[in-house]
Amino acid sequence: MTKQLLLIDGNSVAFRAFFALHSQLGKFTNQNGLHTTAIYGFNLMLDHILKEVQPDAALVAFDAGKTTFRTEMYDDYKGGRDKTPPELSEQMPYLKELIKAYGMHSYELANYEADDIIGTLALQAGEQGFQTTIVTGDRDLTQLSSETTTVSVTHKGVTEVEHYTPEHVLEKLGISPSQIVDMKGLMGDTSDNYPGVTKVGEKTAIKLIKQFGSMENLYEHIDDLKPSKMKEHLIEDRDNAFMSKKLAQINCQAPIEVTINDIDYTGPQTDELIKFYQEMNFQSFLNKLSGSQTELDLTDPEIKQIEFTCLDKTNLGQIQTLEGSVSFYLEMPDANYHTSEFAGFSIGDGHRWFVSRDVELLTSAPVRQLLESDTVKKDVFNAKAMTVGLNRLGITLRHVDFDLLLVSYLLNTNENSNDLGVLAREHSYFDVDTDEAVYGKGAKRAIPDVDQVLFAHLATKTRAIAELKPQLIQKLNENEQIDLYTDIELPLSDVLAQMEITGVKVDVERLKAMGSKLIERLSELEQTIYQEAGESFNINSPKQLGEILFEKMKLPVIKKTKTGYSTAVDVLEKLRDQAPIVDNILLYRQISKLQSTYIEGLLKVVHSTDQKIHTRYLQTLTQTGRLSSVDPNLQNIPIRLEEGRKIRQAFVPSHEDWEIFSSDYSQIELRVLAHVTGDHNLQEAFIEDQDIHASTARRIFKLGPDEEVDRNLRRQAKAVNFGIVYGISDYGLSQNIGISRKQAKQFIETYFEEFPGVKKYIDEIVESAHKRGYVETLTHRRRYLPEINAKNFNQRSFAERTAMNTPIQGSAADIIKIAMIQMNQALATHHLKAKMLLQIHDELVFEAPSEEIPVLEKLVPKVMDSAVSLDVPLKVESAHGKTWYEAK
DNA sequence: TAGTGGCAC
DNA sequence: TCCTAGTGCCACTAA
């Protein structure tokens with residue numbers, strides 16, 4: 001066996017632990033009022049890493065003080081840092097006690113940082129045949145990773161770490177560990193406060209190092225670079241670059257006085273540890289030591305016991321005896337079921353329950369036949385997740401009859417927890433544990449090793465689905481929601497599953513090219529802003545930005561937030577005349593949004609196997625019945641401004657000679673409003689296919705029949721129309737179009753005079769909401785408004801506005817859902833290759849072979865505008881092109 | 001994790 | 001007197 005050495009960067013891990021638990025600061029104190037967050041977090045990390053590494057030798061290295069050989073080289077090294085919070089410093093001496101009780105050594109060395117101690121020991125260890133694991137919160141240490149050394153950087157919390165081997169460094173950065181110092185030399189480091197080369201950030205630095213191999217070689221060949229700003233900066237900042245590289249370089253020849261032989265690790269001193277835990281008030285660690293908590297205790301004895309059969313290859317035949325309807329549950333511990341691992345499954349018929357960890361069994365003939373059968377009903381929790389998960393195993397889930405998640409959501413939109421156990425409790429069903437109780441939460445979340453625990457949990461879940469089914473179906477009937485469930489939501493879940501599985505193809509190269517351009521522009525803007533401000537600061541920090549604008553530059557304060565000055569767009573727009581920096585900040589914001597959210601964000605979620613993005617539509621989340629989209633959100637890809645709209649050029653068809661085809665409902669919410677209010681004037685405008693905002697302007701501004709509606713009046717009328725849909729307030733309207741509150745009030749009153757049906761509807765819906773406590777859409781989708789009778793004016797007003805808005809927004813959502821189901825059927829009956837890819841609230845996006853485009857141009861609008869029959873016509877507009885951008 | 005800001009419909 | 005237009009998701013900072 002290779003000997004294992006564990007080296008921990010004490011300050012860095014303590015710092016991470018402290019902030020990871022910072023929100024709990026108040027809860028973690030001992031009898032003497034000592035804060036214990038960092039100690040607790042450090043302990044969690046130790047338990048975790050000791051179990052993983054099982055070291056033969058171990059050491060925790062600390063920084064000795066503020067002055068080191070680096071501060072001698074550069075006064076300002078680590079300058080400008082906030083001083084360590086006292087709640088953290090007070091914990092450091094106790095942390096060292098903990099380490100001692102664990103039987104580990106700590107060490108620090110004057111003039112050197114912990115990094116240098118670690119680097120020096122790791123080097124010696126490698127020579128002596130040790131395998132070394134370094135734990136730190138500081139990415140810079142990854143320069144130490146090698147054949148014999150792995151660097152584990154804490155990720156979220158403290159127990160989750162990312163292991164950096166040389167291969168992993170190469171994968172993440174594209175360079176080798178030894179080249180990290182060259183990169184740091186060029187880019188500098190804001191947190192350690194050393195400069196690097198002006199305008200060179202991580203991306204540029206990596207590009208240069210990839211090209212030249214090292215900083216030295218880059219400067220030897222500097223004359224070969226073609227003339228550019230960057231070249232000038234490189235030459236100008238040469239000295240900074242070399243100094244920064246030296247600062248970044250970990251010294252692996254530190255004059256340490258310990259050797260590996262001095263730091264044997266033989267395990268914790270249990271007695272001392274118990275004493276220490278008592279002093280720190282660490283109950284859970286004490287329990288763990290005394291062994292009073294066994295894993296089996298996780299099963300709550302209160303819960304009705306369940307008997308189940310472990311399925312394996314020998315007893316598969318028994319599955320064939322299941323009949324009627326079966327409950328099925330496939331456990332995917334990660335929320336993203338496109339990529340999650342499978343933890344196991346359970347299947348049963350109300351009396352017998354079969355369980356296994358081995359999902360391969362699902363593909364065996366008896367199980368597959370059952371899942372794919374058109375005659376055996378399947379009852380599940382989250383049909384869409386099951387469909388996608390099984391699809392990954394090559395199985396098509398058919399004939400789903402009951403979806404506990406979907407039904408609960410329809411009965412009450414607030415009951416949409418994705419944890420079956422939580423949801424069951426809402427329905428007064430207690431014979432199933434929550435996932436949190438069985439799997440734990442946060443960093444501690446894990447699938448139990450003990451079969452009994454996992455299997456009992458899966459079997460009780462399946463049983464809960466079966467036992468809750470009859471009563472919930474009955475409630476759907478009582479609410480007149482059974483059609484909504486059977487004809488809309490359940491079939492829709494399958495349509496959505498297919499859309500998610502299909503995914504949308506992304507032109508990765510195009511995104512990357514856009515990204516590098518944006519980065520260049522950002523770094524230029526950044527410099528301009530720093531010059532205009534007279535200092536450099538973090539533009540992304542509203543706090544720092546506020547200080548620059550409102551204290552240093554003394555611009556007038558327009559709006560404040562809870563925490564300080566507001567720097568939101570509407571505020572900055574009012575200031576743009578006062579200083580040129582404001583426009584640059586607005587531009588910086590716009591571009592950095594595109595870069596981080598859309599370029600970086602999208603690139604992160606492209607599946608490498610098919611270059612596609614597979615979003616997940618959440619069908620049981622919104623309070624109105626709309627869908628939402630996550631991982632990533634494909635419902636907010638920019639369109640309003642041209643620069644952002646270009647992102648859509650990266651959304652392309654998945655086959656050559658195919659196109660993107662898009663259809664959207666025109667003014668669907670206002671049409672729904674015209675329908676539900678029965679307002680004659682509003683209906684007339686739509687029946688005559690008038691420009692609705694111009695028509696509203698004509699009425700509220702009392703224009704004659706031949707009078708021109710100018711752009712400004714139309715814009716104001718448009719805002720009024722939106723205001724009506726959202727549940728209007730005079731203040732909101734006045735802010736939106738920049739008029740006085742009095743004037744806004746006047747607009748609204750005139751609107752109600754001109755559209756009396758709308759006024760009547762609003763009064764009635766609010767009254768009905770007060771009486772019944774909920775509102776409904778066209779399809780009886782229901783939203784409860786518990787605060788509609790609140791004493792608090794704001795709470796009540798909010799509920800009243802949602803009472804107006806929800807039937808409108810929700811009915812529009814109903815309509816497009818119906819259209820999606822019918823559209824999917826229409827594609828099949830017409831034997832089209834076209835696929836539905838995306839839904840963006842009032843828009844459907846498809847990809848199709850070019851020759852099918854003429855067919856879609858007729859078919860899609862026909863299906864969409866006849867999805868429901870309203871008192872006003874629905875209008876659909878379509879477009880197509882080589883990319884989503886061109887389909888406009 | 002809370003707060004701020006910004007993108008969509 | 002208060003605050004103030006509906007529904008979402010996500011990045012980033014600061015702690």
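Predicted model, so just to flag it, every value in this text is computed and none were measured. Below, chains carry the letters A, B, ... as their sequence lines are ordered, and counting in each starts from 1.
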Quick one: which of C:dC9, B:dC9, C:dT4 gets closest to the side chain of A:Arg741? C:dT4

Closest to the A:Val630 side chain, choosing from C:dC9, B:dC9, C:dG6: C:dC9

A:Arg626 vs C:dG8: side-chain N/O to OP1/OP2 distance below 4.0 Å: no

What nucleotide, of B:dG5, B:dG6, C:dG6, holds the atom closest to the side chain of A:Phe798? C:dG6

Taking only side-chain nitrogens and oxygens of A:Gln544, does any of them come within less than 4.0 Å of OP1 or OP2 of C:dA14? yes

Heavy atoms only, 4.0 Å cut-off, all strands: where does A:Asn538 land among base, sugar-phosphate and nothing? sugar-phosphate

Salt bridge or not for A:Glu573 and A:Arg576, using N-O below 4.0 Å? yes

Of all the choices, C:dC9, C:dA5, B:dC9, which nucleotide is nearest to the side chain of A:Leu733 once you look at every atom? C:dA5

What is the minimum heavy-atom distance between A:Leu555 and A:Val582, and which atoms define it? CD1-CG2, 4.1 Å

Check every strand shown and say whether A:Ile637 touches a base, only sugar-phosphate, or nothing at a heavy-atom separation below 4.0 Å. sugar-phosphate

Applying side-chain hydrogen bond (donor to acceptor under 3.5 Å, both in side chains), name anything that partners A:Glu535, two or more places apart in sequence or on another chain. A:Lys552

Using only side-chain N and O atoms of A:Thr802, determine if any of them is under 4.0 Å from OP1 or OP2 of C:dG6. no

Is there a donor N/O on one and an acceptor N/O on the other, under 3.5 Å, for the side chain of A:Asn633 and the base of C:dC9? no

Between A:Leu602 (CG) and C:dC10 (P), how many Å, whole number? 11 Å

Between A:Gln590 (CD) and B:dG6 (P), how many Å, whole number? 11 Å

For DNA chain C, produce a single dot-bracket line, 5' to 3'. Pairs: Watson-Crick or G-U wobble, both distances under 3.5 Å. Symbols: ( ) within strand, [ ] crossing, | other strand, . unpaired. .....|||||||||.

Does a nitrogen or oxygen in the side chain of A:Arg589 sit under 4.0 Å from OP1 or OP2 of B:dG5? no

In whole Å, I'd like the distance from the CD1 atom of A:Ile599 to the C1' atom of C:dC10. 15 Å

Strictly by modelled atom types, are A:Thr777 and A:Asp814 linked by a side-chain donor-acceptor pair under 3.5 Å? yes

Can you confirm whether the side chains of A:Thr622 and A:Ser628 place a donor and an acceptor under 3.5 Å from each other? no

Indicate, with a heavy-atom threshold strictly under 4.0 Å, whether A:Ala719 touches base, sugar-phosphate, or nothing. base

From C:dA11, C:dA15, C:dT4, nucleotide with atom closest to A:Lys543 side chain: C:dA15

Whether over 12 other heavy atoms sit under 6.0 Å from A:Lys745 NZ: no

Could you label the plane-to-plane angle of the A:Phe550 and A:Tyr565 rings as parallel, tilted or perpendicular, counting under 30° as parallel and over 60° as perpendicular? tilted

With P as the reference atom in both, quote the distance from B:dT4 to C:dT4 in angstrom, rounded to an integer. 12 Å

Round to a whole Å and report the spacing from NZ of A:Lys646 to P of B:dA8. 15 Å

Could you verify whether a donor N or O on one side chain and an acceptor N or O on the other, from A:Thr37 and A:Gln91, lie under 3.5 Å apart? yes

Would you call the rings of A:His338 and A:His607 parallel, tilted or perpendicular, taking 30° and 60° as the class edges? perpendicular

With heavy-atom distances below 4.5 Å as the criterion, would you say the side chains of A:Leu602 and A:Phe651 are in contact? yes

Is the phosphate of C:dC12 approached by A:Ser592 (side-chain N or O, under 4.0 Å from OP1 or OP2)? no

For DNA chain C, the residues among residues 779-793 of chain A that have a non-hydrogen atom under 4.0 Å from it: A:Arg783, A:Phe793

Has A:Ser797 got a side-chain N or O lying under 4.0 Å from the OP1 or OP2 atom of C:dT4? no

Phosphate contact (B:dG5 OP1 or OP2) by A:Ser566 side-chain N/O below 4.0 Å: yes

Among C:dC10, B:dT4, C:dT4, the one nearest any side-chain atom of A:Asp631 is C:dC10

Is A:Leu621 touching bases, backbone alone, or none of the nucleic acid, heavy atoms closer than 4.0 Å? sugar-phosphate

Under the salt bridge (Lys or Arg N to Asp or Glu O under 4.0 Å) rule, collect the residues that match up with A:Glu787, sequence neighbours excluded. none

Rounded distance in Å between the P positions of C:dA5 and B:dT1: 28 Å

A:Glu800 CD to C:dG6 P, in whole Å, measures 13 Å

Winner on side-chain proximity to A:Asn540, out of C:dA14, C:dC9, C:dC12, is C:dC12

Closer than 4.0 Å, any side-chain N/O of A:Ser628 to the OP1 or OP2 of C:dC9? yes

A:Leu545 CG to B:dG3 P, in whole Å, measures 20 Å

Shortest side-chain distance from A:Ile639, nucleotide among B:dG5, C:dA11, B:dA8: B:dA8

Rounded C1' spacing from B:dG5 to C:dT1 in Å: 29 Å

Using a 4.0 Å heavy-atom cut-off across all strands, classify A:Glu600 as base, sugar-phosphate, or nothing. nothing

Can we say A:Glu642 and A:Lys646 salt-bridge, meaning some charged N sits less than 4.0 Å from an Asp/Glu carboxylate O? yes

Base, sugar-phosphate, or nothing for A:Thr567, non-hydrogen atoms under 4.0 angstrom? sugar-phosphate

Rounded to the nearest 0.5 Å, what separation is found between the CD1 atom of A:Ile765 and the OG1 atom of A:Thr802? 10.5 Å

Are there over 12 heavy-atom neighbours, none belonging to A:Lys888, within less than 6.0 Å of that residue's NZ? yes

Could you tell me which residues satisfy ring pair (Phe, Tyr, Trp, His ring centres under 6.0 Å) with A:Phe846, sequence neighbours excluded, listed by chain and number? none

Just call it for A:Gly727: base, sugar-phosphate, or nothing, with non-hydrogen atoms closer than 4.0 Å on any strand. sugar-phosphate

Mind checking if A:Asn805 touches a base, just sugar-phosphate, or nothing, with heavy atoms under 4.0 Å? sugar-phosphate

Proximal nucleotide (of B:dA8, C:dC9, C:dC12) relative to the A:Leu618 side chain: C:dC9

If I take atom OH in residue A:Tyr726 and atom P in nucleotide C:dT4, what distance separates them, rounded to the nearest angstrom? 17 Å

Nucleotide B:dG6, atom P - distance to CZ of A:Arg645 in whole Å: 21 Å

Does any residue of residues 809-819 of chain A have a heavy atom under 4.0 Å from DNA chain B, and if so, which ones, in number order? none

